[in-house]
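Below you'll find the structure, written out as structure tokens, and then a few comments.
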Amino acid sequence: MPARAPRILSIDEFVFRRGRTYGTVLVDVETSIPVDVLPDRETSTVAAWLLEHPGAEIVCRDRLMAFTKAIQMAAPHAIEVADRWHLLQNLSAAAEKTCRQHRGCLHSQPETDTDQQMLPADPEFPLLDRVRQRGTQRSTSWLPPAYR
């Protein structure tokens with residue numbers, strides 16, 4: 001085990017025995033190599049490890065409050081970031097919520113024949129300009145009404 005923590009450290013919990021015993025795994029994000037395994041997920045255990053192994057500049061973690069407190073206590077200078085799994089989970093939840101809110105827009109039929117429609121030229125939306133340049137032979141019903 002190295003004397004210093006990796007520059008970018010990932011802290012995550014795992015289960016030894018479902019519903020009874022949890023542990024903590026510490027991983028060097030740059031090399032994807034586990035650095036240490038802790039016997040529990042307690043704030044004091046994680047904080048003690050961070051104090052014994054200084055040097056973590058960035059800590060990737062999940063939303064467990066014990067990890068937040070441990071990092072604030074033992075490595076307050078480190079930047080805390082959400083791990084990839086939680087970022088993707090949050091992104092998918094936000095996308096699902098947005099699609100649910102705009103479900104009516106997504107299922108609406110165009111009011112006029114799509115072959116005759118022209119997309120507006122808008123410098124802020126270069127993708128729309130490229131679609132418009134290809135012609136209107138393809139359906140544009142996936143666009144919001146303001147851009148049809």
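Values reported hereafter were calculated over all heavy atoms of this structure, with side chains retained and with hydrogens, waters and symmetry mates removed.
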What heavy-atom pair brings L87 and A82 nearest, and what distance separates the two atoms? CD1-O, 3.7 Å
Ring pair (Phe, Tyr, Trp, His ring centres under 6.0 Å) contacts touching residues 69-91 (sequence neighbours left out): none
At their closest point, which heavy atom of A5 faces which heavy atom of H53, and how far apart are they? CB-O, 3.0 Å
Members besides L91 in its Ile/Leu/Val/Met/Phe/Trp/Tyr cluster (side-chain heavy atoms under 4.5 Å): none
Work out which heavy atom in A56 is nearest to a heavy atom in A78; give both atom names and the distance. O-CB, 3.5 Å
As an exercise, state the distance from CD of Q89 to CZ of R84, rounded to the nearest 0.5 Å. 15.0 Å
To the nearest 0.5 Å, what is the distance between NZ on K69 and CD1 on I71? 13.0 Å
Of all residues at least two apart in sequence or in a different chain, which pass the side chain to side chain contact (heavy atoms under 4.5 Å, CB included) check with T31? D28, I33
Pairing residues for T21 by the side chain to side chain contact (heavy atoms under 4.5 Å, CB included) criterion, not counting sequence neighbours: F16, R17
Same cluster or not: are V25 and V46 linked, directly or through other Ile, Leu, Val, Met, Phe, Trp or Tyr residues, by side-chain heavy atoms under 4.5 angstrom apart? no
Can you hop from V29 to V81 via hydrophobic side chains spaced under 4.5 Å? yes
Output, in order, the C-alpha distance, side-chain angles, deciding distance and verdict of side-chain contact (heavy atoms from CB on, under 4.5 Å) for R63 and N90. CA-CA 12 Å; R63 291 176 270 194; N90 293 345; 3.5 Å; yes
Are V35 and Y22 grouped together when hydrophobic residues (ILVMFWY) are joined by side-chain heavy atoms under 4.5 angstrom apart? no
At what distance, to the nearest 0.5 angstrom, does CG of L38 lie from OG1 of T45? 6.5 Å
ILVMFWY cluster, L26 and L64 together (side-chain gap under 4.5 Å): yes
Could you pull out the closest heavy-atom pair between A74 and L50, with the gap in Å? CB-CB, 3.6 Å
Using a side-chain heavy atom cutoff under 4.5 Å and only I, L, V, M, F, W and Y, what cluster partners does L51 have? none
Under 3.5 Å donor-acceptor pairs involving side-chain atoms of residues 6-15, not counting sequence neighbours:
unit_1, atom_1, unit_2, atom_2, d
R7, NE, E30, OE2, 3.4
R7, NH2, E30, OE2, 2.8
E13, OE1, R41, NH1, 2.4

